[in-house]
Colleague: 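Take this structure, written in structure tokens, and hold onto it; I'll ask about it next.
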Amino acid sequence: MALSRLLITLLIAPFLFSSIVSGYSLSDIKNWCSQTPNPKPCEYYLSDNAFNKPIKNMSDFLKVSLEVALDQAQKGHENAHSLGPKCKNSKERAVWANCLELYEYTIQRLNQTINPNTKFTEVDAQTWISTALTNLETCKEGFNDLGVSDYVLPLLSNNVTKLISNALSLNKVPDQQQSYKDGFPTWVKPRDRKLLISSYAASKANVVVAQDGSGNYKTVTEAINAAPRSSNQRYVIYVKAGIYNEQIVIKANNIMLIGDGIGKTVITGSKSVEGGSTTYDSATVAAEGYGFMAQDITFRNTATTTQAVALRSSSDNSVFYKCGLEGYQDTLYVHSQRQFYRECDIYGTVDFIFGNAAVVFQNCNLYARNGYQNTVTVTAQGRLDPNQNTGIIIHNSKFTGAPGFNSKNVKSYLGRPWKQYSKTVVMKTFLDSFLNPEGWTVWDGNFALDTLYYAEYENTGPGSSTQNRVKWRGYEVITSASKAEPFTVGRFIDGNSWLPATGVPFTSGL
């Protein structure tokens with residue numbers, strides 16, 4: 001318990017010192033802070049003389065709110081770092097290491113929104129602030145995964161979480177407009193589209209991975225480690241057909257993995273929560289650097305019980321085209337930021353697409369598998385805050401059984417609410433007959449049923465009837481195109497601003 005007492009001391013230490021009121025009055029601070037969802041920490045930290053800056057308008061208030069959140073995140077990171085030597089066993093060390101990394105990423109995202117040399121829109125800022133909040137929640141989730149109870153490190157993030165939530169509420173995101181027809185800018189002619197999305201031959205890739213020694217490297221890990229850490233140019237790694245048993249974390253920017261096709265080039269692993277990993281760390285492949293792309297490749301996790309991730313993406317503006325994602329529980333962790341999946345095959349059992357990214361799946365196949373729990377839930381979306389611009393959108397896709405799937409005694413649903421403001425929309429998608437007529441299921445009793453947002457629009461197939469769907473306050477059957485439009489690629493992930501440059505085909509609207 002000594003570690004717990006030390007952590008509690010670190011938590012309350014800031015309040016043992018009286019703050020020096022800044023140049024503006026306490027009444028001014030209260031007036032500004034009253035406009036946030038968490039006024040008390042806002043008042044406390046804005047009263048610190050370190051933030052003695054004039055607040056003339058909402059823009060000033062947002063900036064100082066972000067600076068306060070960043071300052072507290074940095075202090076939280078310092079405190080967390082000091083606790084490493086005090087971890088008693090491998091589980092505590094695993095959770096601590098995750099939290100330390102996630103704090104670092106939180107600091108990076110908040111820095112992006114403050115740095116005057118960074119060009120960004122309000123949409124970018126809302127994405128990065130949303131990600132900062134998600135990172136801290138992921139830290140907490142690690143404790144639940146491994147049953148680490150004699151530990152209060154997550155409490156270090158409580159004030160930071162509230163301050164970030166305040167910033168989210170202050171950042172205003174304009175409505176996104178469609179700027180390209182069918183997702184292609186005017187300078188791309190129809191006959192050129194095939195060239196943009198054609199497979200890279202070995203001669204066009206920067207490096208080649210081949211198990212038989214015919215390439216530059218024999219493992220994907222070696223190629224990733226040799227890639228430039230930061231580049232504005234796409235760095236292409238061509239992975240020849242084969243099964244690569246590796247666990248890979250991709251931190252560099254603008255990396256692209258391209259294989260010889262789904263099921264031909266396979267990166268596989270078997271880490272799981274049951275095996276001692278956190279869900280976050282169980283991923284066979286984790287994409288973290290900006291602008292990651294993958295094409296014609298399969299990511300696989302063979303663990304059949306508990307959480308076991310095949311792919312985790314925390315990469316902003318990441319794209320997956322003609323990829324296979326194979327696992328059971330928690331196959332695909334769409335952790336954070338903006339993501340797009342096109343013509344992918346995704347297999348799983350419970351919560352097999354989960355996380356808190358702003359993500360659209362388009363023209364994908366979602367395959368239910370048999371597992372030990374006799375339950376299939378396609379999604380478990382993790383929006384924590386009503387102002388996060390996150391959610392899972394499934395568009396023009398197909399939900400059916402994998403080869404050999406036996407739906408007898410299996411209850412199948414489109415999703416369940418992992419977090420308070422869970423958001424999932426399924427549009428123009430084929431739903432097979434084994435889908436439970438209620439469509440959606442609970443997480444725990446009445447949790448989040450009034451605050452979630454689940455919707456369906458113009459789905460087809462024998463499981464698409466909404467007549468017997470759940471009667472939750474947060475569930476809606478969308479009946480107009482205008483109401484469905486905000487959940488399209490062009491609007492929900494601002495796809496028209498970044499997807500054309502990738503060369504991957506997409507439909508911007510409905």
Side-chain angles (χ1 to χ4, degrees), residues 102 105 108-109 112 120 123-124 126-128 130-132 134-135 138 183 196-197 200 220 224 227-237 239 248-259 262 267 280 283-299 309-325 331-346 353-364 381-382 388-395 489-490 492-506 508:
L102 289 159
Y105 289 153
Q108 289 174 15
R109 297 292 83 79
Q112 280 182 293
F120 60 90
V123 176
D124 294 329
Q126 200 75 344
T127 298
W128 300 334
S130 293
T131 300
T134 298
N135 289 339
T138 305
L196 285 171
I197 64 173
Y200 283 87
V220 182
I224 292 294
R229 292 287 296 169
S230 182
S231 173
N232 293 325
Q233 301 297 317
R234 184 78 58 197
Y235 187 85
V236 180
I237 300 172
V239 186
I248 301 165
V249 179
I250 302 163
K251 295 180 179 290
N253 294 339
N254 293 314
I255 298 294
M256 181 177 188
L257 294 182
I258 188 161
I262 292 176
I267 304 176
Y280 184 82
T284 301
V285 174
E288 297 176 357
Y290 172 86
F292 177 78
M293 288 185 66
Q295 181 179 327
D296 294 319
I297 195 166
T298 290
F299 304 99
V309 176
L311 171 71
R312 166 172 57 85
S313 179
S314 308
S315 168
D316 198 13
N317 291 6
S318 53
V319 177
F320 301 85
Y321 180 46
K322 294 185 177 180
C323 289
L325 299 125
T331 302
L332 173 57
Y333 195 174
V334 288
H335 179 262
S336 56
Q337 310 210 74
R338 289 163 287 196
Q339 306 180 26
F340 180 62
Y341 295 73
R342 172 83 179 199
E343 297 173 40
C344 292
D345 295 340
I346 309 168
I353 301 172
F354 76 109
N356 197 25
V359 56
V360 178
F361 296 86
Q362 198 170 79
N363 296 52
C364 291
Q381 205 282 324
Q388 286 184 303
N389 59 345
T390 56
I392 294 173
I393 312 300
I394 299 171
H395 180 213
V489 167
F492 195 73
I493 57 173
D494 193 25
N496 296 325
S497 70
W498 59 278
L499 280 174
T502 69
V504 171
F506 69 97
S508 179

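All values reported here derive from a predicted model rather than from experimental measurement.
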Colleague: First locate atom OG1 of T298, then atom CG of D345, and finally report the distance between them rounded to the nearest 0.5 Å.
Modeller: 8.0 Å
Colleague: Looking only at heavy atoms, which two atoms of G495 and P500 are closest? And how far apart?
Modeller: O-CD, 3.4 Å
Colleague: Is the shortest heavy-atom distance from the side chain of V504 to the side chain of Y341 under 4.5 Å?
Modeller: no
Colleague: List the steps and the verdict of side-chain contact (heavy atoms from CB on, under 4.5 Å) for M256 and I258.
Modeller: CA-CA 6 Å; M256 181 177 188; I258 188 161; 4.2 Å; yes
Colleague: For the atom pair CD1 (I267) and CD1 (I297), what is the distance rounded to the nearest 0.5 Å?
Modeller: 4.0 Å
Colleague: To the nearest 0.5 Å, what is the distance between CG on L499 and CD1 on I493?
Modeller: 5.5 Å
Colleague: Salt-bridge test for K322 and D296: reply yes if a basic N is under 4.0 Å from a carboxylate O, no otherwise.
Modeller: no
Colleague: Could you pull out the closest heavy-atom pair between V489 and F340, with the gap in Å?
Modeller: CG2-CE1, 3.7 Å
Colleague: Looking at every heavy atom in both G490 and N496, which two are closest together, and how far apart are they?
Modeller: CA-ND2, 3.7 Å
Colleague: Quick one: are N389 and T127 in side-chain contact, heavy atoms under 4.5 Å?
Modeller: yes
Colleague: Tell me, with the steps shown, if Y290 and N254 meet side chain to side chain donor-acceptor pair (under 3.5 Å).
Modeller: CA-CA 6 Å; Y290 172 86; N254 293 314; 5.8 Å; no
Colleague: Does V285 reach the side chain of V220, with side-chain heavy atoms less than 4.5 Å apart?
Modeller: no
Colleague: Does any non-hydrogen side-chain atom of Q362 lie less than 4.5 Å from one of F506?
Modeller: yes
Colleague: Could you state the interatomic distance from CD (Q126) to OG1 (T390), rounded to the nearest 0.5 Å?
Modeller: 9.5 Å
Colleague: Quick one: do K251 and R229 satisfy side-chain contact (heavy atoms from CB on, under 4.5 Å)? Show the steps, please.
Modeller: CA-CA 7 Å; K251 295 180 179 290; R229 292 287 296 169; 3.4 Å; yes
Colleague: Just do the ring pair (Phe, Tyr, Trp, His ring centres under 6.0 Å) check on F320 and F292 with the steps written out, would you?
Modeller: CA-CA 8 Å; F320 301 85; F292 177 78; 5.7 Å; yes
Colleague: Taking all non-hydrogen atoms of both residues into account, name the closest pair between S313 and S318 and its distance.
Modeller: OG-OG, 3.1 Å
Colleague: Where do L325 and C344 come nearest, in terms of heavy atoms and distance?
Modeller: CD1-CB, 4.3 Å
Colleague: So do the side chains of I262 and E343 get within less than 4.5 Å of each other, counting heavy atoms only?
Modeller: no
Colleague: Where do T134 and S336 come nearest, in terms of heavy atoms and distance?
Modeller: CG2-CB, 4.4 Å
Colleague: Quick one: OG1 on T131 to CG on L102, what's the gap to the nearest 0.5 Å?
Modeller: 11.5 Å
Colleague: Within the side chain of R312, is there an N or O that forms a donor-acceptor pair under 3.5 Å with the backbone of Y280?
Modeller: yes
Colleague: Examine the side chains of T138 and N135 and answer whether a donor and an acceptor come within less than 3.5 Å of each other.
Modeller: no
Colleague: Salt bridge (charged side-chain N to carboxylate O under 4.0 Å, His left out) for D316 and R109? Distances and angles first, verdict last.
Modeller: CA-CA 11 Å; D316 198 13; R109 297 292 83 79; over 6 Å; no
Colleague: Give the intermediate values and the outcome of side-chain contact (heavy atoms from CB on, under 4.5 Å) for residues I346 and I353.
Modeller: CA-CA 8 Å; I346 309 168; I353 301 172; 4.1 Å; yes
Colleague: Do I255 and I224 make a side-chain contact, defined as non-hydrogen atoms from C-beta onward lying under 4.5 Å apart?
Modeller: yes
Colleague: Please walk me through it: do H335 and N356 pass side-chain contact (heavy atoms from CB on, under 4.5 Å)?
Modeller: CA-CA 5 Å; H335 179 262; N356 197 25; over 6 Å; no
Colleague: If you define the side chain from C-beta out and look only at heavy atoms, does anything of V123 sit under 4.5 Å from R338?
Modeller: yes
Colleague: Do V309 and L332 have side chains that get closer than 4.5 Å, going by heavy atoms?
Modeller: no
Colleague: Sub-3.5 Å donor-acceptor pair from the side chain of Q337 to the main-chain atoms of S314, do we have one?
Modeller: yes
Colleague: So Y333 and F354, would you call those rings parallel, tilted or perpendicular, with 30° and 60° as cut-offs?
Modeller: parallel
Colleague: List the residues meeting ring-ring contact (aromatic ring centres under 6.0 Å, His included) with F299, not counting sequence neighbours, and say none if there are none.
Modeller: none
Colleague: How would you list, by chain and number, every residue that makes a ring-ring contact (aromatic ring centres under 6.0 Å, His included) with F120, sequence neighbours excluded?
Modeller: W128
